[in-house]
Structure formats: structure tokens, C-alpha cells
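Predicted, not measured: the structure shown is a model, and the values here were computed from it. We name chains A, B, ... by the order of the sequence lines, and we start the count at 1 in each one.
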2 protein chains.
Amino acid sequence: MSCPDHHHQHAHGPAAAGRAELPELAHRLRRQDRKLTGARQAIFEILRRQRHPLSNKEIFAELPAGDCDLATVYRSLHLLEDMRMVKRFDFGDGVARYELLAEGDDGHHHHLVCTRCAAVVEIAECFTRELEDTIARQNGFTAISHKLEFFGICPRCQ
Amino acid sequence: MSCPDHHHQHAHGPAAAGRAELPELAHRLRRQDRKLTGARQAIFEILRRQRHPLSNKEIFAELPAGDCDLATVYRSLHLLEDMRMVKRFDFGDGVARYELLAEGDDGHHHHLVCTRCAAVVEIAECFTRELEDTIARQNGFTAISHKLEFFGICPRCQ
DNA sequence: GTCCCTGCAAATGGTTTGCAGGCGG
DNA sequence: CCGCCTGCAAACCATTTGCAGGGAC
């Protein structure tokens, strides 16, 4: 669950890519006079393992009992978000969810969410990026971004 | 915007277009053993006048003082949403906003929201509708829908 | 040793709900 | 009159925050 060092449940899976990220996390933290604490490390590990959006509570639940407070999870995720190490997603249910961000990745992608079982599929490409320019120009807006999520019923729930 | 039939929303002001909708509201309510109360009428009127997404609190504030309780506003909007007379939008700030729906209109459109002053521009066309089919097919999902909103800085705030 | 970080608990803000009385049809 | 509706207040849920002690560096 949250021992960062010697667990390799996906020896050649996504975890392999993430292993090198720990030092980077430490480095980025120190740059801003922040500390690499156990709680932050544990949360980071959980996100690295579960490669789909997780809510604060879900992350908290994955934590070895009593590893840290729920409030700390909230605070840590804000910090990680500011550091651009996670990206927040909003599925419209009033709960923030976070995904780990690879270095240099801005994390821009969308999801397909099952409205029955909450299964999440990642949609690789973004179809609307080019549209931002058009919309920006037509309305005189700058610094344009967008949020897009798809909803439906997954094969198993049909 | 979205009045397909015989409404001329701007020629004589928005109220002209909406006037005929009252009986429809009453009719739809009665169908389900619901009543046309003062509160519901007032809320309906406010939405008809302000043709952009309004939060519960904003609607409540527009109400003549003491016209009804905030809880009633929430309850009324749920009812109107179930009746497909309003559509809920989510700008990602944890507040539900509602727009009046013309009869037969499913209200599918998107917004461009200023992240500084919260000004809202309606985006007429939906660019992603055709994509739903593709995404549905690729992932075996059915009953697909999507949420898409744009954010940026409006001309006045730049 | 200095600040940052954390646990705890209380506060916040949006939204929902239980209940008893009120009013529309 | 019969239920649906409403006001009021308390409950809920996600999230935030104040504070004092604890830990990273």
C-alpha cells in the first residue's frame, strides 16, 4: 500500500516509469522550501500505482491505517497540484479527483466515465484543442483552456 | 440561440418569447400531480429573463424579498430539471447553475467562462457530438453524453 | 534551531432533508 | 379536503482552516 521502496507489483508496468520520479519529487519540493515527508511520499506512491483519477477519500483509504490525516491528503494534493505533479479532474459529482502527471506532461486528456459503475476509460487524444483558438478569436478571450468529459454506460453495465 | 419554432426572442425582448411558456409549465406540472405555485412561477420568470446560467443563490437573490426559502429554490430547480425545463451546468467551481430550456430543446451547448469576472458567453454549436459515436464504438459504451466548458480571460479583464 | 508539516477539531459553503403547518386543485 | 409545497432548522458532505506540537533539513 504505501511502502515506497521495495514493492514492485507491476515490475514492468506503469510503476517502472514512475520509479525515477521520487528524486524528482524531492527535488521539486526542496526548490520551494518544501519537505519530502512520509505522507507526501505515500500519497505519491498511491497515485503512481493507480493510474486513474482518485478522490481524496480514495487515496486516504489506500493509506495504511493512520498513516496520515484526511486533511493532510487534501493539503498534499493541493501542493502536488501547484507543483504540477498531479492534475485535478472534475466528473461533475462534486468530488475532486487526481491523476499523477509525468514530467513535462501537462496531463491534458479526457475521460469516459460509466454512470453506473464509475469505471473510467482514458481518452488519449484531445479533439478540441484546435477549437480553442477559434473560440478565443471569435470572443476576444485569451488564456483559453477547456474541460471535457464523456459519460455513458460501460459494456459490463449494459 | 435555441428557440426553433415561432419565438422571436430578441425582436420584442425575451419576455415575449417566454410568455407562452407559463401554461406549458402548468400543464407539465399537472401531468405529474404537481402544482403551479407562486415560488415556481417566480423562479421560472427569473430564468426566463436572465438567459444565462444562474446559481441557486443568484436566483434566490433575484426573488422579491422573502418570496420563498432557499431550500425551496433548490427543490424547485430539481423539479424543473427532472421535467427537462431547465438544464444544469457545471463550471467546476462546486456550484450548480441552471438555464431555461425551450420546449423540445435538449439544451446542448457549451459556455466560455471568464476566470476573472465570471462573464459567460454561450457557444452555439457543439463540435464534439459526432465524436460521441466514435468514442462509444471504440469503448463499447452506450448512452453517451459529454460535458464541455471553455475557460479564459475576457476582453475587459485582459 | 527554524520553519514547514501534521493531527485534531471546528468552521465553511453548497446542498439536502425531516417535520409540521399551509395552500393549490 | 387531500396531498403536494413550503419555511425553518438541523443534517450532510466535501473541503478548508486555526492552532499547537512534531519532524525534516
Side-chain angles (χ1 to χ4, degrees), chain A residues 2 4-5 22-23 25-44 46 53-83 85-86 88-98 118, chain B residues 22-44 46 53-83 85-86 88-98 118:
Chain A
S2 69
D5 31 55
L22 240 333
L25 172 59
H27 179 254
R28 290 228 226 171
L29 284 167
R30 264 180 241 120
R31 271 206 180 192
Q32 305 180 26
D33 286 298
R34 260 62 213 273
K35 296 169 185 173
L36 179 59
T37 65
R40 287 171 186 177
Q41 230 170 294
I43 291 168
F44 192 74
I46 289 167
L54 291 177
S55 70
N56 289 281
K57 284 213 171 150
E58 287 166 340
I59 293 169
F60 181 63
E62 296 266 334
L63 247 25
D67 220 33
C68 86
D69 194 82
L70 218 206
T72 298
V73 175
Y74 278 98
R75 286 192 270 231
S76 296
L77 286 168
H78 281 175
L79 187 75
L80 291 172
E81 190 185 3
D82 288 346
M83 292 171 47
M85 299 205 69
V86 302
R88 182 176 56 204
F89 289 95
D90 171 23
F91 293 170
D93 62 352
V95 180
R97 283 160 220 274
Y98 298 87
Chain B
L22 242 333
E24 195 216 329
L25 172 59
H27 179 253
R28 289 229 226 170
L29 284 167
R30 264 180 244 117
R31 272 206 178 192
Q32 306 180 24
D33 287 296
R34 262 57 214 274
K35 294 169 184 174
L36 179 59
T37 65
R40 288 172 185 176
Q41 228 170 294
I43 291 169
F44 193 74
I46 289 167
L54 292 177
S55 70
N56 288 281
K57 284 212 170 150
E58 286 167 340
I59 293 169
F60 180 62
E62 296 265 334
L63 247 26
D67 222 33
C68 86
D69 193 81
L70 220 205
T72 298
V73 175
Y74 278 98
R75 286 191 270 231
S76 295
L77 285 168
H78 280 175
L79 187 75
L80 290 172
E81 192 185 0
D82 289 345
M83 291 171 50
M85 300 206 68
V86 301
R88 182 176 55 205
F89 289 96
D90 169 24
F91 291 170
D93 61 352
V95 180
R97 284 160 220 274
Y98 299 86

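Note: A:His27 NE2 to A:Gln32 CD = 10.5 Å, rounded to the nearest 0.5 Å.
Near DNA chain D, meaning a heavy atom under 4.0 Å away, the residues from residues 30-40 of chain A are A:Lys35, A:Leu36.
As a whole-Å value, the separation of B:Asp67 CG from C:dC23 C1' is 15 Å. Rounded to whole angstrom, the span from the CG atom of A:Leu79 across to the C1' atom of C:dC4 amounts to 11 Å. Atoms CG (B:Leu25) and P (C:dG25) sit 11 Å apart, rounded to a whole Å.
In this structure, the side chains of A:Val86 and A:Phe44 stay at 4.5 Å or more apart for every pair of heavy atoms. In this structure the side chain of A:Thr72 never reaches within 4.5 angstrom of the side chain of A:Phe60, judged on heavy atoms. Inter-residue side-chain proximity for A:Leu63 and A:Val73 is flagged as met; some heavy-atom pair is nearer than 4.5 Å. Within the 4.5 Å cutoff, the side chain of B:Met83 has heavy atoms near those of the B:Leu25 side chain.
The main-chain N or O of B:Glu81 is never found under 3.5 Å from a side-chain atom of B:Arg88 such that the two would form a donor-acceptor pair. Looking at B:Arg40, its side chain does come within 3.5 Å of a backbone N or O of B:Lys35 through a donor-acceptor pair.
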**OP:** For B:Glu58 and B:Arg97, run side-chain contact (heavy atoms from CB on, under 4.5 Å): C-alpha distance rounded to whole Å, both residues' side-chain angles, the deciding distance at 0.1 Å, then the answer.
**Re:** CA-CA 9 Å; B:Glu58 286 167 340; B:Arg97 284 160 220 274; 4.1 Å; yes
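The side-chain contact (heavy atoms from CB on, under 4.5 Å) test with A:Met85 singles out one residue from A:Leu29, A:Leu77, A:Leu80, and that residue is A:Leu80.
Contact record, B:Gly92 with A:Asp90: CA-OD2, 3.4 Å, taken as the closest heavy-atom pair.
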Original post:
What one-letter contact string describes nucleotides 12-18 of chain C from 5' to 3', where B marks a base within less than 4.0 Å of any protein heavy atom, S marks contact via sugar-phosphate atoms alone, and - marks no contact?
Top reply: --SBBBB
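Across its full length, the helix from C:dG1-D:dC25 to C:dG25-D:dC1 shows an angle of 30° between the axes of its 5 terminal pairs at either end, rounded to 10 degrees.
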